[in-house]
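Structure first, commentary second.
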Amino acid sequence: MLKDEDLKFISHCLPFLKHIDKSDLDIVYSACSKSILQPGEIIMNEEKECRGIVAVNSGQLRAYFESEDGKEITLYRLLPNDVCILTASCVLKNITFEITLEVEKKSTVFSIPAKIWSTLSEKYSSVKEYSIALVNRRFSDVMWVMEQMVSKNMGQRVASFLLEQAELEHSRTISVTHEEISKNLGTAREVISRILKYFENDGLLKLSRGRITLTDIGRLKKLGR
């Protein structure tokens with residue numbers, strides 16, 4: 001059974017719940033489940049069943065797709081208070097997804113079954129509108145990534161990635177390996193290593209085992225544009 005603080009979190013993430021009938025609200029609360037997930041766990045891919053709506057209470061998740069040659073390309077991340085509807089793709093008609101959702105940091109998430117969400121969407125226009133807004137937001141994230149791939153060279157994309165990681169970790173020193181960067185950007189590890197070494201020689205950063213320290217944020221920002 002969920003605690004009062006859990007219910008408050010769900011209501012915070014899904015503000016339209018305050019406008020639905022109490023009987024339906026009780027159904028949502030009773031069906032909602034809480035999970036503690038470990039780094040590396042896969043909670044959604046083409047082989048797993050439709051999970052439903054996922055709200056992130058703590059931690060960090062990564063959504064990515066795999067290219068035909070097996071390279072992973074990160075599409076977006078889910079952080080605390082984010083909600084993902086693509087995990088309920090079974091309620092989104094005429095749309096198929098081949099996206100994988102992976103746990104990056106130990107996370108606590110709440111899930112609402114897709115069947116209940118579908119019933120609410122049919123009954124309440126506010127739920128349907130919220131669903132459409134969520135889908136649009138995620139597709140905007142995906143389109144931004146596609147635009148980056150088309151319009152920027154790999155050096156620019158690496159600079160942007162490093163700045164994003166520094167923002168997520170609230171530190172100029174980030175814990176990330178060359179392999180992890182290559183997985184996020186969909187390229188070979190050797191390519192990333194060459195670019196990082198070039199950045200280091202140019203005074204933009206310092207490399208150490210499993211860590212990268214950004215020494216010139218301003219120039220990295222200019223490079224990433």
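Atoms CG and OG, on L78 and S107 in that order, are 9.0 Å from each other to the nearest 0.5 Å. With values rounded to the nearest 0.5 angstrom, K18 atom NZ is found 8.5 Å from S11 atom OG. For the atom pair CD (Q156) and NZ (K222), the distance works out to 14.5 Å, reported to the nearest 0.5 Å. Taken to the nearest 0.5 Å, the CD atom of E104 stands 4.5 Å off from the CD atom of Q60. Here the NZ atom belonging to K123 is positioned 13.5 Å from the OG atom belonging to S118, to the nearest 0.5 angstrom. Considering OG of S126 and CG of L17, their distance stands at 8.5 Å, rounded to 0.5 Å.
Taking the six-membered ring for Trp, F110 and F9 have ring centres closer than 6.0 Å.
Applying the side-chain contact (heavy atoms from CB on, under 4.5 Å) test between I20 and each of L14, I27, L25 identifies L25 as the sole match.
Looking only at distances, a side-chain donor or acceptor of S182 sits under 3.5 Å from a matching main-chain atom of E179. In this structure, the side chain of E200 engages the main chain of L207 through a donor-acceptor pair within 3.5 Å. N153 places a side-chain N or O within 3.5 Å of a backbone atom of G155 that can act as its donor or acceptor partner. Between the side chain of S171 and the main chain of T173, a donor-acceptor pair closer than 3.5 Å is present. Judged by distance alone, the side chain of Q165 and the main-chain N or O of I174 form no donor-acceptor pair under 3.5 Å. Side-chain atoms of T119 come within 3.5 Å of backbone atoms of K115 as a donor-acceptor pair (strictly under, hydrogens ignored).
Counting only heavy atoms from C-beta outward, the side chains of E66 and T100 never approach each other to under 4.5 Å. Between V191 and M154, the closest side-chain pair of non-hydrogen atoms falls below 4.5 Å. Between L61 and E102, every side-chain heavy-atom pair lies at or beyond the 4.5 Å cut-off. Proximity of V54 to V83: side-chain heavy atoms (C-beta onward) are nowhere separated by under 4.5 Å. Between L205 and T213 the shortest side-chain heavy-atom distance does not fall below 4.5 Å. Here the side chains of V158 and L223 are not in contact, with every heavy-atom distance at 4.5 Å or above. The side-chain heavy atoms of L37 and V109, taken from C-beta on, include a pair separated by under 4.5 Å. A 4.5 Å side-chain heavy-atom check between I116 and I53 finds every atom pair outside the cut-off.
Nearest heavy-atom pair across P15 and H12 is CD-O, 3.8 Å. The shortest non-hydrogen separation linking A166 to L214 is CB-CD1, 3.8 Å. Closest approach of G210 to T177, counting heavy atoms only: CA-CG2, 4.3 Å. Scanning all heavy atoms of the two residues, the minimum distance from P80 to S58 falls at CG-CA, 4.0 Å. Counting all heavy atoms, side chain and backbone alike, P113 lies closest to A31 at CD-O, 3.6 Å. The two residues I85 and S131 come nearest to each other via the heavy atoms CD1-CB, 3.5 Å.
Taking the charged nitrogens against the carboxylate oxygens, E167 and R172 have no contact shorter than 4.0 Å, which rules out a salt bridge. Between R77 and D141, no side-chain nitrogen of the basic residue sits less than 4.0 Å from a carboxylate oxygen of the acidic one, so the salt-bridge criterion is not met.
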* Please walk me through it: do Y76 and S140 pass side-chain contact (heavy atoms from CB on, under 4.5 Å)? -> CA-CA 10 Å; Y76 57 85; S140 293; over 6 Å; no

* Take I181 and I212 through the side-chain contact (heavy atoms from CB on, under 4.5 Å) test and state the conclusion after the steps. => CA-CA 11 Å; I181 298 175; I212 299 174; 3.9 Å; yes

* Asked: Checking side-chain contact (heavy atoms from CB on, under 4.5 Å) for the pair K152/S160: CA distance, chi angles, key distance, verdict?
  -> CA-CA 10 Å; K152 290 187 175 183; S160 296; 3.5 Å; yes

* Could you please spell out the steps behind the salt bridge (charged side-chain N to carboxylate O under 4.0 Å, His left out) verdict for E180 and R189? => CA-CA 8 Å; E180 289 169 337; R189 181 189 181 282; over 6 Å; no

* To do: Could you give me the CA-CA distance, side-chain angles and deciding distance for T74 and L185, then say whether side-chain contact (heavy atoms from CB on, under 4.5 Å) is met?
  => CA-CA 7 Å; T74 299; L185 299 182; over 6 Å; no

* **Test log, rule ring pair (Phe, Tyr, Trp, His ring centres under 6.0 Å), inputs W117 and Y124** => CA-CA 10 Å; W117 188 270; Y124 299 99; over 10 Å; no

* Step by step, work out the side chain to side chain donor-acceptor pair (under 3.5 Å) result for S125 and Y130. => CA-CA 8 Å; S125 60; Y130 182 82; over 6 Å; no

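Under a hydrophobic-cluster definition in which Ile, Leu, Val, Met, Phe, Trp and Tyr are linked whenever side-chain heavy atoms come within less than 4.5 Å, directly or via other members, L134 and V28 are assigned to the same cluster. In the hydrophobic clustering of this structure, I73 does not group with L163; members are Ile, Leu, Val, Met, Phe, Trp, Tyr whose side-chain heavy atoms approach within less than 4.5 Å, directly or through other members. Linking Ile, Leu, Val, Met, Phe, Trp and Tyr residues whenever their side-chain heavy atoms come within less than 4.5 Å leaves I36 and V103 in two separate clusters. Transitive grouping of hydrophobic side chains (ILVMFWY, heavy atoms separated by less than 4.5 Å) brings V145 and L101 into a common cluster. Hydrophobic clustering places L7 together with I112 (ILVMFWY residues linked when any side-chain heavy atoms are closer than 4.5 Å, directly or through intermediates).
For residues 1-13, the set of pairs meeting the salt bridge (charged side-chain N to carboxylate O under 4.0 Å, His left out) definition, not counting sequence neighbours, comprises D6-K34. Identified under the salt bridge (charged side-chain N to carboxylate O under 4.0 Å, His left out) test for residues 210-220, with sequence neighbours left out: D202-R219, D216-R219. For residues 175-225, no residue pair satisfies the ring pair (Phe, Tyr, Trp, His ring centres under 6.0 Å) rule, not counting sequence neighbours. The ring pair (Phe, Tyr, Trp, His ring centres under 6.0 Å) analysis of residues 144-176, with sequence neighbours excluded, yields no pairs.
For F65, the ring pair (Phe, Tyr, Trp, His ring centres under 6.0 Å) criterion is met by no residue, not counting sequence neighbours.
No donor-acceptor contact under 3.5 angstrom links the side chains of N184 and Y64, judged on distance only. Side-chain N/O atoms of N57 and T108 include no donor and acceptor closer than 3.5 Å.
Residue L79 is found in a hydrophobic cluster whose other members, listed by chain and number, are L168; membership requires side-chain heavy atoms under 4.5 Å apart, directly or through intermediates.
Around CE of M143, the count of heavy atoms belonging to other residues, nucleotides or ligands within 6.0 Å does not exceed 12.
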